[in-house]
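Here the structure comes first, spelled out in structure tokens, and everything after it is commentary.
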Amino acid sequence: MKVAIFPGSFDPLTLGHLDLIRRGSLLFDRLAVAVMINTSKEPIFTVEERVAQIKEAVAQADLDNVSVITADELTVSLMNKIGADYLLRGLRNFNDFQYERDIAAMNQHLDDEIETIFMMANPNYQHLSSSLLKEVARFGGDISAYLPGNINEQLSEKLRGN
Ligand code: ADP
């Protein structure tokens, strides 16, 4: 059984992330999307909100072998707990490459039995990041083409409330 984890902040999940989840779900028997606590980022959505949003988006996309979890620990510790051997990450550009190479090397140092698998971002979504979408949404730009419907609505609501 090939079990993989796709960890990230997902604040919020974009269609770029969802594309990677869909492709990963075809490659692995089980894929766990893990909302991780990133201490260097100030999130707009709580972890609970993000988990609920991703669960709904995954259900809408009919991805039966995908689960959504959260953890406040090292990714490799979480992987050992849930029996995952593969760590899925996405690459959009050179910046991602350099950043991801360092993380992969560190994870390899922490546990040399896990394998990081990189997938190139879908060219339609290569320019997307959660922070860029939040920035555009804050100033009223239409980003509905880049977010699952439920998340687009919740982002508008959240920004109206603020
Ligand atoms: P983190 O804080 O861990 O970088 P992110 O939510 O920003 O969390 O990203 C999680 C993963 O998704 C990373 O591997 C990132 O490169 C990838 N990713 C982000 N945006 C996209 C996209 N538009 N297409 C494909 N992969 C993406």
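As the structure is a prediction and not an experimental result, all values here were calculated from the model. The chain is numbered in sequence order, starting from 1. Counting starts at 1 for both ligands and their atoms, following the listed order. Atom set for the values below is all heavy atoms of this structure, side chains included, hydrogens, waters and symmetry mates excluded.
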Every residue of the protein that comes under 4.0 Å of ligand 1, judged on heavy atoms: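 Within the 4.0 Å shell of ligand 1, which is judged on heavy atoms, sit F6, P7, G8, S9, F10, G16, H17, N38, K41, R89, G90, R92, D96, E100, A121, Y125, L128.
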Please answer: with hydrophobic residues joined when any side-chain heavy atoms are less than 4.5 Å apart, are [X] and [Y] in the same cluster?
{"X": "L155", "Y": "F10", "answer": "yes"}
{"X": "V58", "Y": "I151", "answer": "yes"}
{"X": "L87", "Y": "F6", "answer": "no"}

L74 side chain reached by M106 side chain, heavy atoms, under 4.5 Å: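 Side-chain contact under 4.5 Å: no.
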Check: I37 main-chain N/O paired with D72 side-chain donor or acceptor under 3.5 Å: no
Aromatic ring proximity, centroids under 6.0 angstrom, H17 and Y146: no
